[in-house]
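What follows is a single structure, written as structure tokens, with notes after it.
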Amino acid sequence: MDLLANLALGFDVALSPANLLYCFIGVTVGTFVGVLPGIGPMATISMLLPITFGLDPIGALIMLAGIYYGAQFGSSVTSILLNIPGHAAAAVICLDGHPMAKQGRAAVGLVGSAIASFIGGSLAIVLVMQFAPPLAKLALNFGPAEYFSMMLLALLAAAVLSEGDLLKGLGMVLLGLSIGIVGIDVNSGAQRLIFSNWNLADGISFVIVAMGFFAISEVMSNLEPHAKPQMIGSNFTWRELVPSWRDFRQAFGSIIRGWGIGSMFGALPGSGPTIASFVSYSVEKKVARDPSRFGKGALEGVTGPESANNAAAVAGFIPTLTLGVPGDAIMALMLGALMIFGIQPGPSVITDNPELFWGLMASMWIGNFLLLILNIPLIGIWVRVLSIPYRILYPSILLFICIGVFATNNNSFDIVLLAAFGAIGYILHKLDCPAPPLLLGVILGPLIEENMRRALLINRGDPMVFITHPISLAMLVAGALIIVLFIVSGARARRKERQADDAPAAVD
Amino acid sequence: MIVTKDTASGLIFVAAGALVVIEAQGHPMGTLLRMGPAFYPTLIGGLTIFVGAALIVRSFLKGSVPVPKIAWRELALLIGAILVAAVSLNRLGLVISTVLLVGISRLAVRPMHWVGTLVLAGVLAVVAVVIFWWFLQLPIPLWPWS
């Protein structure tokens, strides 16, 4: 089978001593820059890209794959330890990863996240090899109506996935979509919601929103006069790194489901890791025997999305390379970097440049593997970060976040925005309004508008187009089902609560 | 009247939605076939107002939890520290901005240790210079005169 030949070719390229060394350097530097709180994968990759210049294209690609994985993992580390997601998909990791850290189970979360991304990513490579050509063909059938419905599904899933209130989740999605409107409209040139401030002309980067709504808001919650910010992390032993049989059983299924979800969403052009992680989380919560554990440190809430994220990143190379449509901002950055090294996206990239394509696939695998080897010993060090007294930790976090936000555009107005979103984020957090749906809204906002416009334009302004296209209809039905299931299960839970309350009701 | 979590968040959503809708009216609306730049914001803003209103109505019908205490002093110090850093980074340079950011934000936690804070600010300034200025070569001046 030529699959094996391709794989052999890829590994042959990637396993030369020099390339292994490049990959190792990439993973190491990527991890160390990526774990700085506030410096997400976007900033890490763009700041470290120049160190790959001057290598031969394949060596550079392999180092880049290493940086990519290092940066991604670094972002998971800050998400779990400090509730600071470096990129959109990591916002999902925060939901259960950070509660794990607060319970002193940070090491389990970190190991789980590293292993889940390794398994999800490596299995996805197998899938990519098997199905790259037919998937690329399926993706071509996706029109604007399908994209619109897919994004709507993701937004609805995000609104219900976070703990609690559907109305607040929806409100936060809409608030995120509103933030996504800010900037110059690409179709008409209209300056929307920028109030004559030219710093807003290019829109608001989701990095700033994420840092404000997650990181600053988290620091604020810990600074409240009666808060107990000290997390449990000092009594770390190496034995904690070995997952218990229960952990393993819980995590394994979620990793496999995450792999399936990630591969599917990654292969679709325009969706990618972010949507895959959000969907994976809601699936885990749905299939769990006891959904109430979620948001309080459920391991599957970390491993599922982490596996989906990585599978989607790997599978995402199909649309990114064959159609030139990256799945999220990080993939867009990777695509830009690949183009610097002479990979021109197009349907023939796999056949024309086999060493590059398969070398890239193999180096993704090796990058992920080296990451595992490098980081398992380092986890002990990362966990010790938690034993730093908070009065020393938080000014350092603030400093890194401010400079990280500044570094993405070299514009100090972004730090002003950070302050604004931090204040709003803290207040909304106090009102129990969940931040992840808002973040997804900010990211998908411009895309959903664009696809809605295009779908209606192609179909002469007839809004029925979203229902008459079968794939689009299926996504809308799935979205409606999510809402209905949520309301029904919420009502049942409330009834149960009331029955439980009835007996000791005399107390108040 | 006690403001509840639901009414407060509902009011925020209504206000934000109204802002989006009103701002959008300065742009052409267009038609379903050829949407103008006002169409989508009006839709989104309208939905936001609707959700906000639903929250307010629900809190009147079913009640909700009172708004918890918000740590205004800490919030002001933290946000103030970030704003000072935003203004000073390009004017006073990395070293002084770091010291200002650390010093102001550290005031949020009592008791305040001046010596410890100065040491922390100094160490962080060195770390910031090494990582961001020397290693990652970000275009930030080090000092007011550089």
Side-chain angles (χ1 to χ4, degrees), chain A residues 33 36 47-48 165 167-168 170-171 174-175 177-178 181 185 187-190 192-193 195 216 219-220 223-225 390-392 394-396 398-400 402-403 406-407 410 412-416 418-420 422-424 426-428 430-433 445 449 452-453 456-457 460-463, chain B residues 5 8-10 12-13 16-17 19-20 23-24 27-28 31-38 40-41 44-45 47-48 51-52 54-55 58 67-71 74-75 78-79 81-83 85-87 89-90 94 98 101-102 105-106 108-109 116 120-121 124 127-128 131-132 136 138-140:
Chain A
V33 177
L36 299 177
M47 285 190 287
L48 292 179
D165 203 333
L167 277 177
K168 283 180 181 158
L170 287 175
L174 289 162
L175 217 53
L177 293 174
S178 307
I181 295 170
D185 175 33
N187 289 299
S188 60
R192 296 192 297 189
L193 286 170
F195 306 106
I216 304 283
V219 169
M220 259 318 294
L223 287 187
E224 288 182 345
Y390 204 71
R391 59 172 198 282
I392 294 175
Y394 82 82
S396 327
L398 277 189
L399 173 70
F400 284 117
C402 286
I403 299 181
F406 172 84
N410 295 322
S412 45
F413 181 74
D414 286 350
I415 309 181
V416 177
L418 172 76
I424 300 169
Y426 167 66
I427 290 172
L428 284 170
K430 293 300 280 183
L431 300 173
D432 293 338
C433 293
E449 177 183 10
M452 181 173 81
R453 278 187 178 186
L456 288 171
L457 191 64
R460 301 194 201 89
D462 181 7
Chain B
K5 281 185 183 180
S9 40
I12 292 177
F13 290 144
L19 178 75
V20 173
E23 204 273 346
H27 306 297
T31 61
L32 263 186
L33 178 58
R34 278 190 192 286
M35 282 183 200
Y40 174 76
I44 296 299
L47 285 170
T48 316
V51 169
L55 268 168
R58 193 184 66 180
V67 175
K69 247 205 186 104
I70 287 177
E74 287 75 11
L75 186 65
L78 208 65
I79 299 305
I82 299 173
L83 288 175
V87 175
L89 195 55
N90 273 326
L94 184 58
T98 302
L101 176 71
V102 173
S105 64
R106 178 62 184 78
V109 172
L120 177 65
L124 282 178
V127 170
I131 295 180
F132 296 108
L136 296 171
L138 295 182
I140 307 175

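In what follows, every heavy atom counts, from backbone to side chain, and hydrogens, waters and symmetry copies are set aside. Sequence lines set the chain letters: A, B, ... in the order given, protein chains first and strands last, and positions in each chain run from 1.
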If you take all heavy atoms of [X] and [Y], which pair is closest and at what distance?
| X | Y | value |
| --- | --- | --- |
| B/Val51 | A/Leu167 | CG1-O, 3.3 Å |
| B/Ile79 | A/Gly422 | CD1-C, 4.3 Å |
| B/Asn90 | A/Ser412 | ND2-OG, 3.5 Å |
| B/Lys69 | A/Glu224 | O-OE2, 4.4 Å |
| B/Ser9 | A/Lys168 | OG-CE, 3.4 Å |
| B/Leu75 | A/Ala423 | CD1-CA, 4.1 Å |

Quiz item: Do the non-hydrogen side-chain atoms of A/Tyr394 and B/Leu78 ever get within less than 4.5 Å of each other?
Solution: yes
Quiz item: Is any side-chain heavy atom of B/Ile140 closer than 4.5 Å to a side-chain heavy atom of A/Ile403?
Solution: yes
Exercise. Measure A/Ser396 against the heavy atoms of chain B and call it side chain, backbone, both or neither at under 4.5 Å.
Key: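 Contact with chain B involves both backbone and side-chain atoms of A/Ser396.
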Quiz item: Checking heavy atoms, do the side chain of A/Ile392, its backbone, both or neither come under 4.5 Å from chain B?
Solution: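 Contact with chain B: backbone and side chain both.
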Could you tell me the separation between the [atom1] atom of [X] and the [atom2] atom of [Y], rounded to the nearest 0.5 Å?
| X | Y | atom1 | atom2 | result |
| --- | --- | --- | --- | --- |
| A/Phe400 | B/Phe132 | CZ | CZ | 5.0 Å |
| A/Leu174 | B/Phe13 | CG | CZ | 8.0 Å |
| B/Ile82 | A/Leu399 | CD1 | CG | 11.0 Å |

For [X], is it the side chain, the backbone, both, or neither that has a heavy atom closer than 4.5 Å to a heavy atom of chain A?
| X | result |
| --- | --- |
| B/Ile12 | side chain |
| B/Leu124 | both |
| B/Glu23 | side chain |
| B/Leu120 | side chain |
| B/Val87 | neither |

Judged by atom type as modelled, is there a donor-acceptor pair below 3.5 Å linking the side chain of [X] to the main-chain atoms of [Y]?
| X | Y | value |
| --- | --- | --- |
| A/Tyr426 | B/Ala71 | yes |
| B/Tyr40 | A/Met452 | no |
| A/Arg192 | B/Pro37 | yes |

Exercise. Begin from the C-alpha positions of B/Val67 and A/Lys430 and carry the test side chain to side chain contact (heavy atoms under 4.5 Å, CB included) through to its verdict.
Key: CA-CA 8 Å; B/Val67 175; A/Lys430 293 300 280 183; 5.8 Å; no
Quiz item: chain A: which of B/Leu101, B/Leu94, B/Val102, B/Thr31 shares the most heavy-atom pairs with it under 4.5 Å?
Solution: B/Leu101
Quiz prompt | Winner by heavy-atom pair count (cut-off under 4.5 Å) against chain A, out of B/Ala24, B/Pro68, B/Ala38 | solution = B/Pro68
Quiz item: Counting heavy-atom pairs under 4.5 Å to chain B, which of A/Asp185, A/Leu431, A/Leu170, A/Ile424 comes out on top?
Solution: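 Most heavy-atom pairs under 4.5 Å with chain B: A/Leu431.
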Self-check item: Partner chain B: residue of A/Gly445, A/Ala190, A/Gly189, A/Gly171 with the largest heavy-atom pair count (under 4.5 Å)
Solution: A/Gly171
Quiz prompt | Carboxylate-amine/guanidinium contact B/Arg58 A/Asp165, below 4.0 Å | solution =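 Judged by the 4.0 Å cut-off on N to carboxylate O distance, B/Arg58 and A/Asp165 do form a salt bridge.
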